[in-house]
Asker: 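This is the structure I have questions about; it appears just below.
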Amino acid sequence: MPLNFAFALSQQQTFELRCDYGSRRLDKTELAALIDLCEQNYYAQQRDHLPYLTQLGQQLYQWLDGKEGWLRKALDEADEQTILLDLIKTSEAQGLNPETERVALGLAHLPWELLDDGAGFLIERQNLSVLPVRSVQQRQTQIIGVQNRPLRLLFMATSPEDPRVAPLGFEREEANILQATKDQPLALIVEESGSVAELANLVKSYPEDYFDVFHLTGHGIIYTQKGYGYLLPKGATLPDNTPCFITEDEVGNMQLTTVKDLARAFRGRWPRVTFLSGCHTGQVANKGTVPSMAQALVKAGAGIVLGWARPVYDRTGIVAAQSLYQALATGATVEEAVKAAQQEMIEKECTDWHLLRMYRDTRPINQLVTPLRTRNRERLRFTAPEQEFLDENNQIKVASGFEFVGRRRPLQRCLKALQETSDQIGVFIAGMGGLGKSTLAARLCTRVQMQRSNFARVVVIGPLDEIGLLNKLSNKFERFADVPALLNEPKVSLKGRLQNFFAAIENIHNQLLLLVLDDFEQNIPTANIEDGSLRMTAEAYEILGAICSALEENGAESRLIVTCRYLKADTLPPHRLHLESLAGMSSSDTDKICFPLDKEVRQQLRTQRIINIADGNPRLLK
């Protein structure tokens with residue numbers, strides 16, 4: 001059982017601390033002074049000073065322990081080192097005078113993570129690590145228990161195209177999560193747009209209780225007109241001290257998202273855990289008088305919400321997420337996983353480890369999923385797309401999921417074209433060699449298949465011929481006896497056979513196809529490249545036209561992806577393809593590729609020359 005400390009208010013607006021050993025009245029003036037001290041020596045600091053942290057931690061410990069020694073006794077007797085701070089009554093109190101209300105709300109503002117008994121921070125101890133948890137909402141409703149399957153994580157990164165917002169290395173965060181859980185794989189579903197409206201659409205597309213965790217990464221702020229009024233559109237207003245997350249609209253412009261906006265997106269269908277990986281998301285605003293975004297989300301229906309109490313380093317956020325999901329994926333309880341994240345941050349010398357905050361309601365949420373070797377556990381079926389994008393020398397020519405950097409906007413535009421509600425039948429990705437066409441195609445395959453598991457993938461590389469295409473399709477769906485027969489019907493045109501094929505796999509067998517024509521430039525004769533006409537061979541033109549017509553006339557949900565070095569619109573057959581021309585990587589994306597290099601290497605003149613010569617081409621850069 002956790003160590004339970006409950007804060008209560010009497011009718012005389014005095015405070016009481018209650019635990020299993022009894023209760024005692026708390027001095028409101030002393031509490032207010034402690035909150036002021038934290039505001040001055042903790043929240044107002046740009047950089048942490050260990051003596052201040054130690055002093056605060058020891059004062060908090062002595063205050064909670066009291067002359068009775070309740071905390072010492074509880075730590076000696078308890079078999080679980082979690083301190084549950086029940087703040088429900090103080091956070092819900094109404095009609096208080098301003099000073100009492102400030103103290104009541106400020107109890108969540110105190111940095112309990114710094115508890116220090118004089119021998120060191122309690123949370124740092126390897127064997128007896130103590131995790132403070134803020135309980136802020138009473139609920140009796142049922143919540144699903146441990147699931148015998150892999151962890152399902154909904155990941156959303158927000159990075160608007162706006163010079164006023166610093167770019168984030170969210171691809172690295174996503175990649176590190178995948179790397180950390182490679183031996184205990186999880187189902188990662190990514191919301192690509194960074195838009196809360198699109199998040200709402202995605203959540204509606206899945207059954208209730210489908211997701212275990214929602215991870216939102218980006219910039220969090222506490223809005224004031226003076227500090228951030230310039231971020232609002234003309235005519236829009238927000239009250240001062242409103243916690244916000246900087247998200248995107250449907251075209252990538254900046255949007256400020258509030259707790260109410262996020263609550264509307266989920267409509268009560270919250271995952272059991274939400275991680276707001278952004279600055280200030282766990283911070284009680286306005287000197288402890290306005291609930292944090294994390295606390296407010298628990299009030300709005302979320303079960304457990306994690307957030308950061310101040311600005312946090314990107315590296316710290318990534319280390320915490322990596323460790324947290326590694327633990328959750330292996331069947332750890334949420335408290336165990338947060339402790340593991342705390343320990344990992346300390347071990348990696350993240351000086352801001354103490355900023356992670358955990359808020360929750362009273363419903364029992366322990367393990368999310370079972371460990372990998374549990375009997376009858378649902379298997380995660382996933383094939384890395386990199387293995388199917390091989391050139392004629394059998395060499396993988398695309399970046400792995402761990403290496404993938406940049407291309408957010410092309411990825412967003414192409415995913416929109418691949419949606420089942422799109423008027424387009426696929427995408428045509430063009431650009432010079434090395435810009436990442438095949439890598440983008442591989443990522444599109446991954447994203448589409450994560451969101452819709454009944455998509456099968458067929459990749460045809462290089463020269464296109466009718467027999468080779470039909471054989472590939474037949475082999476992919478050979479378990480359905482009627483499909484190969486339809487594809488090889490001699491008296492039906494290629495377009496007709498493809499129409500019958502799409503109708504059969506989609507309407508009869510509930511299967512969808514992602515057909516990828518990679519390195520399509522090999523279907524353009526050298527002479528036609530040299531003279532600039534860029535006309536493809538007659539056979540390739542006929543086959544591409546038949547595929548496009550069959551998909552369009554069937555109204556099929558299957559989709560086509562073509563990658564080609566060259567794009568000249570008037571050389572293509574009639575089509576409804578989104579045309580995406582890739583440019584060189586931006587300087588910020590180049591920085592992300594170079595980030596893993598040693599700092600001294602990055603600063604060498606020779607390296608800078610290499611970066612300049614590569615001119616945004618990721619293959620040349622590597």
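The first residue of the sequence shown is numbered 1, and numbering continues consecutively from there.
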Asker: Just jot down the ring-ring contact (aromatic ring centres under 6.0 Å, His included) partners of F480, sequence neighbours excluded, or say none.
Answerer: H509

Asker: Can you name the residues that form a side-chain hydrogen bond (donor to acceptor under 3.5 Å, both in side chains) with T370, not counting sequence neighbours?
Answerer: N148, R377

Asker: Is it the case that the side chain of R535 and the backbone of I529 share a donor-acceptor pair, with hydrogens and angles ignored and the cut-off at 3.5 Å?
Answerer: no

Asker: Tell me whether T281 contacts the main-chain N or O of G278 through its side chain, where contact means a donor paired with an acceptor under 3.5 Å.
Answerer: yes

Asker: Evaluate the side-chain proximity of L306 to L276: yes if any heavy-atom separation is below 4.5 Å, no if none is.
Answerer: no

Asker: Measure the CG-NZ distance between N475 and K472 for me, rounded to the nearest 0.5 Å.
Answerer: 9.0 Å

Asker: If a pair satisfies ring-ring contact (aromatic ring centres under 6.0 Å, His included) and one of its residues is in residues 538-578, list it, with sequence neighbours excluded.
Answerer: none

Asker: Can you confirm whether more than 12 heavy atoms, excluding those of K568, are under 6.0 Å from its NZ atom?
Answerer: yes

Asker: Give a yes or no answer on whether the side chain of E248 reaches the backbone of N253 with a donor-acceptor pair at less than 3.5 Å.
Answerer: no

Asker: Do L582 and P410 have side chains that approach each other closer than 4.5 Å (heavy atoms only, starting at C-beta)?
Answerer: yes

Asker: Parallel, tilted or perpendicular for Y325 and H215, by the 30°/60° rule?
Answerer: perpendicular

Asker: Can you name the closest pair of heavy atoms from K437 and T563 and give their distance?
Answerer: O-CG2, 3.8 Å

Asker: Counting distance only, does the side-chain N/O of E466 pair as donor-acceptor with the main-chain N or O of L469 below 3.5 Å?
Answerer: no

Asker: Which pairs would a plain distance check flag for residues 489-496, meaning a side-chain donor or acceptor within less than 3.5 Å of a matching protein atom at least two apart in sequence or in another chain?
Answerer:
from	atom 1	to	atom 2	distance (Å)
S493	OG	G496	N	3.1
K495	NZ	E553	OE1	3.2
K495	NZ	E553	OE2	2.7

Asker: Does a sphere of radius 6.0 Å around CZ in R452 hold more than 12 heavy atoms from other residues, nucleotides or ligands, not counting ones at 6.0 Å or beyond?
Answerer: yes

Asker: Using ring-ring contact (aromatic ring centres under 6.0 Å, His included) as the criterion, list what pairs up with F477, not counting sequence neighbours.
Answerer: F501

Asker: Do you see a donor-acceptor pair shorter than 3.5 Å between the side chains of S474 and N471?
Answerer: no

Asker: Between the side chain of N523 and the main-chain N/O of L464, is any donor-acceptor distance below 3.5 Å?
Answerer: yes

Asker: Sequence neighbours left out, cut at 3.5 Å: what donor-acceptor pairs do the side chains of residues 422-434 make with other protein atoms?
Answerer:
from	atom 1	to	atom 2	distance (Å)
S422	OG	A417	O	3.1
S422	OG	Q424	N	2.9

Asker: Does either side chain, that of E506 or that of S558, offer a donor lying less than 3.5 Å from an acceptor on the other one?
Answerer: yes

Asker: H219: which residues meet the side-chain hydrogen bond (donor to acceptor under 3.5 Å, both in side chains) condition with it, sequence neighbours left out?
Answerer: none

Asker: Quick one: ring-ring contact (aromatic ring centres under 6.0 Å, His included) pairs with a partner in residues 175-204, sequence neighbours left out?
Answerer: none

Asker: Only pairs at least two apart or in different chains count here, so list each salt bridge (charged side-chain N to carboxylate O under 4.0 Å, His left out) that has a residue in residues 143-154.
Answerer: R149-D212, R152-E378

Asker: Does one side chain, of T247 or T158, offer a donor that lies under 3.5 Å from an acceptor on the other?
Answerer: no

Asker: With heavy-atom distances below 4.5 Å as the criterion, would you say the side chains of M254 and I246 are in contact?
Answerer: yes

Asker: Quick one: do the R559 and Q419 side chains pair a donor with an acceptor below 3.5 Å?
Answerer: no

Asker: So, using ring-ring contact (aromatic ring centres under 6.0 Å, His included) as the criterion, who are the partners of Y206 when residues are at least two apart?
Answerer: Y210, F211

Asker: Any idea which heavy atoms bring L328 and A332 closest together, and the distance?
Answerer: CD2-O, 4.0 Å

Asker: With sequence neighbours left out, what residues match D162 under side-chain hydrogen bond (donor to acceptor under 3.5 Å, both in side chains)?
Answerer: R164

Asker: Using 0.5 Å steps for rounding, measure from the CG atom of L262 to the CE atom of M293.
Answerer: 5.5 Å

Asker: Kindly write out the residues that satisfy side-chain hydrogen bond (donor to acceptor under 3.5 Å, both in side chains) with T274, not counting sequence neighbours, or none if the list is empty.
Answerer: none

Asker: Consider side-chain contact (heavy atoms from CB on, under 4.5 Å). Of L473, V516, L517, which one does V460 pass it with?
Answerer: L517

